[in-house]
Amino acid sequence: MNKILVVDDNQAVLDALSLLLELHDYQVETALTPFEALQIVRYQRIALVIQDMNFTADTTSGEEGKALFQELRAINPHLPVILITAWTELEMAIELVKAGAADYLAKPWDDQKLITSVANLIALGKAKEKNEQHERIAQQREALNAGADLRGLIFRSGAMQRVVDMAVQVAKSDVAVLITGDNGSGKEKVAEIIQANSALQTAPFIKVNAGALPQELIEAELFGAEAGAYTGANKQRIGRFEAADGGTLFLDEIGNLPLSGQMKLLRVLQTGEFERLGSVETRRVNVRVISATNADLLTDIQSGRFRQDLYYRLNVIELNLPPLKSRSDDIIPLISHFLPDRELSLSAESALLSYDWPGNVRELENACKRAAVLNPQGVLEVGDFGLQPISAPAQTPEPGKQEPGKAELEAAMRQFQGVIAKVARHFGMSRQALYRRLQKHGIDY
């Protein structure tokens with residue numbers, strides 16, 4: 001519940017405003033003097049202040065209100081302040097509004113106008129606070145990743161920031177890293193970030209997808225094979241470990257490696273030694289291994305499909321990528337990246353944000369490619385993305401309801417007397433989305 005501070009030397013005024021605000025679900029603090037008001041603002045979380053302009057009997061200059069306003073702004077520069085003025089202080093009030101006061105109302109005030117102003121200013125203050133928080137996070141991200149090569153990774157969520165921070169940190173060591181997460185969540189991209197920020201960034205970086213290789217060829221791919229080692233092996237084959245010597249080997253879908261291959265992999269991780277298929281010559285390599293899987297390896301260990309000793313060799317550091325549905329802050333930035341300079345309809349934005357994305361970033365990229373082909377120009381609608389099924393978001397517009405135009409927005413603002421929260425609820429959108437559309441059409445709020 002938002003807390004409002006009312007400052008006036010007249011107890012009757014404090015009682016009247018308290019009752020009015022509490023009837024509209026606001027929590028109210030009151031102060032008879034500027035000193036009390038400043039103490040409250042210093043030690044409590046106040047969303048908005050309503051203050052008188054004079055606090056001494058027979059004083060009408062407004063200087064006391066000006067001083068209080070300046071001290072409030074010194075404590076919290078973003079705190080919305082509504083000035084309650086008599087006509088004699090109107091010029092002073094206008095001066096303070098130019099200096100940053102949020103609004104002023106003349107005595108006797110209009111209850112509805114006051115409540116409308118309070119609702120709009122609190123909503124606007126929260127929007128500004130959220131934007132500033134995003135800016136601070138972005139600045140912190142830039143500072144943390146200054147000089148880091150993120151390989152073009154697009155993200156905004158705190159969950160991905162934590163993964164990136166750890167990836168950049170572990171890149172500086174040579175320990176084995178296990179990247180876990182659903183298919184399409186970006187495991188290979190994280191492996192690239194580790195390689196790009198490591199001391200081995202200019203050394204070989206070899207990738208192999210164990211899940212895409214026939215079982216009978218996995219060992220030959222990893223360790224190499226002599227001519228004649230198996231049917232169809234007409235010439236000597238260099239394995240991925242030899243190719244990655246002195247650099248990094250990325251083993252994707254490591255859970256698909258057969259037990260015989262797991263045993264050889266464990267050996268090369270422990271000793272750096274291996275033999276090609278069909279050879280008795282022991283070879284040595286120095287390779288950093290980064291592995292990835294979408295499988296639950298602990299369950300596979302219990303069922304005997306994966307070696308426990310290999311698991312702990314691979315999993316010195318584990319990086320777990322959350323699915324896209326649990327980091328929805330990344331969805332719109334990714335869409336902007338895949339579909340630059342394209343605009344989404346309100347219904348499309350709501351549907352894309354509420355969809356579960358079982359295929360994660362890969363599915364989102366494919367959906368964007370589809371939309372670009374089917375609708376090369378104009379506003380993108382839900383159907384352009386081919387989501388099956390589309391999760392119905394809360395408070396979406398009625399089926400067939402179009403993006404509200406300027407006239408519709410202005411009518412709703414008049415209908416709800418400018419209360420942003422009510423207008424946003426009417427259109428089934430967030431307050432931030434409504435602010436963007438009001439600004440787009442040049443509508444004052």
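Predicted model only: the values in this text are computed from it and were never measured.
- The main-chain N or O of Leu324 is found under 3.5 Å from a side-chain atom of Asn360 such that the two form a donor-acceptor pair.
- Considering Glu219, Glu242, Glu221 as possible partners of Arg237, the one that fulfils the salt bridge (charged side-chain N to carboxylate O under 4.0 Å, His left out) test is Glu221.
- In summary, Asp330 and Arg327 engage in a salt bridge, as defined by a charged side-chain N under 4.0 Å from a carboxylate O.
- Across Ile254, Leu249, Ile218, a single residue satisfies side-chain contact (heavy atoms from CB on, under 4.5 Å) together with Val208, and that is Leu249.
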### Task
Before giving the answer on side chain to side chain contact (heavy atoms under 4.5 Å, CB included), spell out for Leu434 and Leu409 the whole-Å C-alpha distance, their side-chain angles and the decisive distance to 0.1 Å.
CA-CA 9 Å; Leu434 177 59; Leu409 287 167; 3.8 Å; yes
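- Although no hydrogens or angles enter the test, the distance criterion places a donor-acceptor pair under 3.5 Å between the side chain of Gln201 and the main chain of Ser198.
- A heavy-atom distance below 4.5 Å is not found between the side chains of Val13 and Asp52.
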### Message
Apply side chain to side chain contact (heavy atoms under 4.5 Å, CB included) to residues Ser291 and Arg313 and explain how you reach the verdict.
### Response
CA-CA 11 Å; Ser291 54; Arg313 278 284 176 179; over 6 Å; no
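- Of the inter-residue distances, the one linking Met166 atom CE with Asn320 atom CG reads 10.5 Å to the nearest 0.5 angstrom.
- Distance alone, capped at 3.5 Å, places no donor-acceptor pair between the Arg240 side chain and the Ile206 backbone.
- In this structure, the side chains of Leu344 and Phe385 come closer than 4.5 Å at one or more pairs of heavy atoms.
- Here the closest non-hydrogen pair linking Ile317 and Val175 is CG1-CG2, 3.9 Å.
- Closest approach of Leu321 and Lys187 over heavy atoms only: CD2-N, 3.7 Å.
- Side-chain atoms of Gln195 come within 3.5 Å of backbone atoms of Leu200 as a donor-acceptor pair (strictly under, hydrogens ignored).
- Using a 4.5 Å heavy-atom cutoff, the side chains of Arg307 and Leu259 are in contact.
- Put simply, the side chain of Ser18 gets close to the backbone of Leu14: a donor and an acceptor are under 3.5 Å apart.
- Proximity of Phe155 to Gln161: side-chain heavy atoms (C-beta onward) are separated by under 4.5 Å at one or more points.
- Between the side chain of Asn375 and the backbone N or O of Val379, at least one donor-acceptor pair lies under 3.5 Å.
- At a threshold of 4.5 Å between non-hydrogen side-chain atoms, the residues Val28 and Thr30 count as touching.
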### Message
One pair to check against side chain to side chain contact (heavy atoms under 4.5 Å, CB included): Ser117 and Ile82. What are the steps and the verdict?
### Response
CA-CA 9 Å; Ser117 181; Ile82 297 177; 3.7 Å; yes
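- Scored by the side chain to side chain donor-acceptor pair (under 3.5 Å) test, Arg151 finds Asp149 as partners (sequence neighbours excluded).
- The ring of Tyr311 has its center no closer than 6.0 angstrom to the ring center of Phe306.
- Put simply, CG on Leu269 and CG on Asp309 are 10.5 Å apart, with the number rounded to the nearest 0.5 Å.
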### Query
Does the side chain to side chain contact (heavy atoms under 4.5 Å, CB included) test come out yes or no for Asp252 and Ile179, once each step is laid out?
CA-CA 9 Å; Asp252 200 4; Ile179 306 171; over 6 Å; no
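- Checking side-chain atoms of Lys264 against main-chain N and O of Ser260 turns up no donor-acceptor pair under 3.5 Å.
- Taking every heavy atom of both residues into account, Pro322 and Ser185 meet most closely at O-CB, 4.4 Å.
- Between Arg73 and Leu79, the shortest heavy-atom contact is NH1-O, 2.9 Å.
- Scanning all heavy atoms of the two residues, the minimum distance from Glu381 to Ser347 falls at OE1-OG, 3.8 Å.
- Here the side chains of Ile4 and Gln27 are not in contact, with every heavy-atom distance at 4.5 Å or above.
- Judged by distance alone, the side chain of Arg370 and the main-chain N or O of Asp384 form a donor-acceptor pair under 3.5 Å.
- Looking only at side-chain heavy atoms (C-beta outward), Arg362 and Asn183 come within less than 4.5 Å of each other.
- Taking a 6.0 Å sphere around NZ of Lys3, one finds it holds more than 12 heavy atoms contributed by other residues, nucleotides or ligands.
- At distances below 3.5 Å, not a single donor-acceptor pair connects side-chain atoms of Ser328 with backbone N or O atoms of Lys325.
- A salt bridge links Lys207 to Glu192: one of the charged nitrogens lies within less than 4.0 Å of a carboxylate oxygen.
- Applying the side chain to side chain donor-acceptor pair (under 3.5 Å) rule to Glu36 yields no partners; only residues at least two apart in sequence or on another chain are considered.
- The aromatic rings of Phe241 and Phe223 sit parallel, their planes meeting at an angle under 30°, below the 60° perpendicular limit.
- In this structure, the side chains of Asn256 and Thr293 stay at 4.5 Å or more apart for every pair of heavy atoms.
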